[in-house]
Amino acid sequence: MARLKTQVVIIGGGPSGLLLSQLLDLKGIDSVLLEKHSRDHVLARIRAGVLEHGFTELMREAGCGSRMDREGEIHTGFFIAHNQIKDRIDLSGLTGGRTVMVYGQTELTRDLYSARDARNGKVFHQAAAVTPHAISGPTPYLTWQDTKGAAHRVDCDYIIGADGFHGVSRAAIPKDRIRTFEKTYPFGWLGVLSRTKPASPELIYARHARGFALCSLRSQVLSRYYIQVPLSDSVADWSDQAFWNELRRRLPVDVAGALQTGPSIEKSIAPLRSFVAEPMRYGTLFLAGDAAHIVPPTGARGLNSAASDIHYLYHALCDHYLQGDDRGLDSYSDRALARVWKAQRFSWWMTSLLHRFPDNSPYEQHLQQTELDYLLSSKAARTTLAENYVGLPY
Ligand code: RFL
Ligand code: PHB
């Protein structure tokens with residue numbers, strides 16, 4: 001069996017794992033990253049589009065911010081559409097000048113891979129049967145297999161589980177040492193990417209009796225749209241034409257009338273789920289990002305929560321290796337979870353506000369409408385929305 005030794009093994013080559021490996025490398029901390037899929041597979045995923053300030057700062061600190069700063073768009077607000085009206089949430093005005101960056105997760109992941117290549121980062125793709133061992137003690141190790149079936153072992157000080165919701169890290173923690181909290185929603189989002197001019201230069205979150213819709217974008221020539229669909233639907237049920245027709249119905253007529261349509265480049269359905277696992281540490285294994293928590297995408301929090309985990313973990317590992325101080329590692333789970341739960345609350349609230357819940361009673365439907373009326377008429381309520389959307393402090 002081929003053997004390697006490193007300081008930190010990172011499982012998962014999504015944004016969380018790549019960002020951490022790059023940040024640690026710049027501080028002289030050695031890591032090995034194991035990714036289950038090929039790079040092309042990882043880069044074919046279309047996911048998040050809205051980055052909060054803390055994330056963009058981490059990308060810059062990682063030396064990966066130049067294309068993002070050139071091609072990403074700063075957004076100072078977004079719209080909530082309802083009953084043929086569009087109300088603007090002035091993020092910047094309500095938060096003392098704070099903004100978000102619209103830059104796709106796919107591009108950001110590409111930038112992180114390029115940065116790892118440039119520094120000869122130890123990133124192994126198509127790593128099969130990745131298995132953490134001895135994680136309760138001080139000398140953990142991992143075993144895995146390469147594409148030729150050859151067995152490998154990596155010894156390390158710490159293992160970071162950044163392998164997403166379906167990864168192996170969380171599952172490696174004994175059941176009686178981890179508690180999970182979960183909420184599922186009775187619908188999913190059908191997303192379409194198209195090479196068309198976006199319906200609006202700023203995002204539109206639309207509440208409609210037929211269901212939620214979102215107009216988002218990757219650039220002024222690349223649009224990303226979503227519609228709420230029943231969980232029983234599959235992508236095959238939705239031709240491009242059916243998608244555009246349904247999207248139009250859920251948007252105010254002026255927006256629908258000007259909507260540019262075209263062939264979909266990507267089309268997928270994501271179920272909506274809220275999930276938290278705690279604590280986010282067991283022995284020498286630390287969980288980060290989607291491996292530990294999931295939110296419905298309505299508040300654009302998922303990737304941003306992953307980034308705040310990486311911020312805490314990066315500083316904690318630096319303190320350990322560079323100062324011999326373990327307080328950051330010991331408090332990691334509590335600090336990360338305090339922020340994670342706020343993102344959970346916000347994402348649940350945005351989801352509850354804007355979607356059609358098929359089982360809601362007339363009373364609950366009234367409350368939902370009243371919540372929206374209150375939000376749009378109260379500066380205090382809009383400020384609460386804005387400060388959560390641009391990202392709470394780390
Ligand atoms: P990822 O991106 O899932 O990466 C985990 C990686 O681990 C690999 N892996 C393994 N590797 C080795 N061995 C194993 N056994 C493994 N098992 C899995 C996987 O192949 C993968 O490469 O998790 P990470 O890095 O924590 O990043 C999290 C984000 O991807 C996620 O939170 C966001 O995409 C959520 N999200 C959004 N977040 C935002 O902040 N703003 C948004 O606007 C936003 N929009 C979205 C979203 C997620 C969506 N979907 C599809 C769920 C929109 C959508 C539609
Ligand atoms: C996206 O552009 O993919 C996107 C934007 C905002 C969200 C969710 C997804 O809340």
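Counting convention: from 1, in listed order, for ligands and their atoms alike.
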- Item | Ring-face cation contact, Tyr332 with Arg281, 6.0 Å cut, 45° max |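 No, Arg281 and Tyr332 do not form such a contact.
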
- Task: Output the set of protein residues with a heavy-atom contact under 4.0 Å to ligand 1, ordered first by chain identifier and then by residue number.
- Result: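 Within 4.0 Å of ligand 1, protein side: Ile11, Gly12, Gly13, Gly14, Pro15, Ser16, Leu34, Glu35, Lys36, His37, Val42, Arg45, Arg47, Ala48, Gly49, Val50, Gln105, Val130, Ala162, Asp163, Gly164, Gly167, Val168, Tyr226, Ala270, Gly289, Asp290, Pro297, Ala300, Arg301, Gly302, Leu303, Asn304.
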
State whether a side-chain donor-acceptor pair under 3.5 Å links [X] with [Y].
X: Arg301; Y: Ser347; result: no
X: Thr76; Y: Arg88; result: yes
X: His125; Y: Tyr113; result: yes
X: Tyr205; Y: Arg207; result: no
X: Ser268; Y: Glu266; result: yes

- Centroid-to-centroid, Tyr185 to His355, below 6.0 Å?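 When the ring centroids of Tyr185 and His355 are compared, they turn out to be at least 6.0 Å apart.
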
- Query: So, do His320 and Tyr158 have ring centers that fall under 6.0 Å from each other?
  - Reply: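 Close enough - the centres of the two rings lie under 6.0 Å apart.
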
- Report the residue from Trp341, Trp348, Phe275 that forms a ring-ring contact (aromatic ring centres under 6.0 Å, His included) with Phe181. Trp341

Between the protein and ligand 2, which nitrogen or oxygen pairs come in under 3.5 Å, and how far apart is each?
{"unit_1": "ligand 2", "atom_1": "2 (O)", "unit_2": "Ser216", "atom_2": "OG", "d": "2.6"}
{"unit_1": "ligand 2", "atom_1": "2 (O)", "unit_2": "Arg218", "atom_2": "NH1", "d": "2.7"}
{"unit_1": "ligand 2", "atom_1": "2 (O)", "unit_2": "Arg218", "atom_2": "NH2", "d": "3.4"}
{"unit_1": "ligand 2", "atom_1": "3 (O)", "unit_2": "Arg47", "atom_2": "O", "d": "3.2"}
{"unit_1": "ligand 2", "atom_1": "3 (O)", "unit_2": "Arg218", "atom_2": "NH2", "d": "2.9"}
{"unit_1": "ligand 2", "atom_1": "3 (O)", "unit_2": "Tyr226", "atom_2": "OH", "d": "2.6"}
{"unit_1": "ligand 2", "atom_1": "10 (O)", "unit_2": "Tyr205", "atom_2": "OH", "d": "2.7"}
{"unit_1": "ligand 2", "atom_1": "10 (O)", "unit_2": "Pro297", "atom_2": "O", "d": "2.8"}
{"unit_1": "ligand 2", "atom_1": "10 (O)", "unit_2": "Thr298", "atom_2": "O", "d": "3.3"}
{"unit_1": "ligand 2", "atom_1": "10 (O)", "unit_2": "Ala300", "atom_2": "N", "d": "3.4"}

